[in-house]
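Structure record follows, encoded as structure tokens.
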Number of protein chains: 2
Amino acid sequence: MNTSVLPNINTDLVEMAPHFQFAHSVDCVIFGYDKGVLNVLLIESDHPDYRGQWSLLGDLLRPNEDLDAASYRVLRERTGLTDMFLEQVKTFGEVDRHPAGRVITTAYLSLVNVRDHQLKSIDNALQWRSVNDIDTMAFDHKMILDACLAVLKRKIQEEPIIFNLLEKKFSLRNLQLVFEQILGMSFDRRNFRKKLFTTGLLVDQGEMERNVKHRPGKLYSFNREAYDQIKKKSFVGLQF
Amino acid sequence: MNTSVLPNINTDLVEMAPHFQFAHSVDCVIFGYDKGVLNVLLIESDHPDYRGQWSLLGDLLRPNEDLDAASYRVLRERTGLTDMFLEQVKTFGEVDRHPAGRVITTAYLSLVNVRDHQLKSIDNALQWRSVNDIDTMAFDHKMILDACLAVLKRKIQEEPIIFNLLEKKFSLRNLQLVFEQILGMSFDRRNFRKKLFTTGLLVDQGEMERNVKHRPGKLYSFNREAYDQIKKKSFVGLQF
DNA sequence: ACAAAAGTGTTGCTGGTACACCCATGT
DNA sequence: ACATGGGTGTACCAGCAACACTTTTGT
């Protein structure tokens, strides 16, 4: 009995040939936050079975491309961004998930801030859609989106990735709004501030908001160096 | 410009053919707990490049098989178990990860208890190895094992999956030992008891340990129904 | 003046941690 | 009798939740 994970290289190659018939793709679930709303970047599908429905940004994996590299490429090609948060979430491999054949896809979660880096409008079929407004999507993409949303909710409480959604300098109010938006809860302002300050991850930028029609708030930035230090010694979570 | 995730079915099939050349596999990281040690079920590789090294239990995905179904099949075929905890963890898709060609693999985490269900010894190359004794493995399997261990550490604090490692009836001592073993910490016995009891997830079975050479402890079981109820309303975590 | 949000402290409660003694069983 | 772990309660401390008023800016 052959006990290896794969048949030996020495065994008849014909035996293995039928296995090398899968296609693999990556799909990027790109979240952005704008004016109080959590958005996801979508494109209208022009696949005949799903024409006009919303679809995630993805592409087929190339024969000599690492999986992670492919997701990075998709993000770069579609948005022009090159230095964003990007992390693998889950792989979807149902037999019938794609009409074109056996395509297995790996979903990636990405967080970008739309202000600092303006999107290249290479492709005007691209659109930011509020995650709350999305009911149906092409393929199994709604399921993929939901999986990524669940992971997002978990991860913002485990690691300080939420800052990727904001500009480098942000007000505490905005930070709180993003948390509230994603988690679907609301927090007491004073307690939220205390909690965030005691993490030691925020740096007062000595600047104020501009052009707001109320008392301007201080601007802060995320101190990544401090985070890297603290994390070595202890868990740094923001459990709500 | 073609904006769909995949080329249309109508476009030249020749265009897509080069993409359907990947193989896909699943690898199961099967953890078991026995006499104070966290083990993982491994097999000696007989792939020429890695002969004699330890390898995870895996197999190639079949053309008409769902991804999850494949992991389930591997577990069933190798261990004879059919009703175990099994969950997808991560997909590894480096170009050169497998000598036989472009094989992408999805890792699954599985927890089994060795006592309740005796392993079929179909295959005597199978062996339980202490996770602490494993340094190198075939392919990229050490990396996969490490990823699954990290996920295991996280998940036992988020969901009551740890009970899958124990027999149906277990002593609090054993439960605590499994936690300590996996997390690499030790806890105060009284505080551990209080914490577990206040979850409301343990049922006193009215039975005692047998054949222990000290005062026998009470046996408890995990109350899944209670968990399902509680979980609907609130988060049920066991943060340590 | 009004509207909108910024900024700020205290109190009570809850949950975690630290800690020591007697009990039941096998040898 | 001894060794091994089972079983139990309390006191302290830290972190969380609840809560209201004054300040700054734009209109």
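Each chain gets a letter, A, B and so on, in the order the sequences are listed, and its residues count up from 1. All values reported here derive from a predicted model rather than from experimental measurement.
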Of A:Arg173 and B:Thr198, whose nearest nucleotide on DNA chain C comes first from the 5' end?
A:Arg173
Among residues 215-223 of chain A, which contact DNA chain C at a heavy-atom distance under 4.0 Å?
A:Arg215, A:Pro216, A:Gly217, A:Lys218
For B:Phe85 and B:Phe31, I'd like to know if the aromatic rings sit close, meaning centre-to-centre distance below 6.0 Å.
no
Distance-only donor-acceptor test (3.5 Å): side chain B:Lys194, base C:dT14:
no
Passing candidate, side chain to side chain contact (heavy atoms under 4.5 Å, CB included) with A:Ile156, options A:Asn164, A:Val178, A:Leu183
A:Leu183
Would you say the side chain of A:Arg193 and the base of C:dG7 hold a donor-acceptor pair, judged only by whether the two atoms sit under 3.5 Å apart?
no
Whole angstrom value for the distance that separates C1' of D:dA17 from CZ of A:Arg189:
16 Å
Base of C:dA20, side chain of B:Arg190 - is there a donor-acceptor contact under 3.5 Å?
yes
Do the ring centers of A:Phe187 and A:Phe240 come within less than 6.0 Å of each other?
yes
Give the rounded distance in Å between these two atoms: NZ of B:Lys195 and C1' of C:dT14.
14 Å
In plain terms, say whether A:Asp228 and A:Lys232 are close enough for a salt bridge, that is, a side-chain N and a carboxylate O under 4.0 Å apart.
no
Whole-Å distance, B:Phe197 CZ to D:dG9 C1', equals 14 Å
I'd like to know if A:Arg173 and A:Glu209 make a salt bridge, using a cut-off of under 4.0 Å between side-chain N and carboxylate O.
no
Select from A:Asn191 and A:His214 the residue whose nearest nucleotide in DNA chain C is closer to the 5' end of that strand.
A:His214
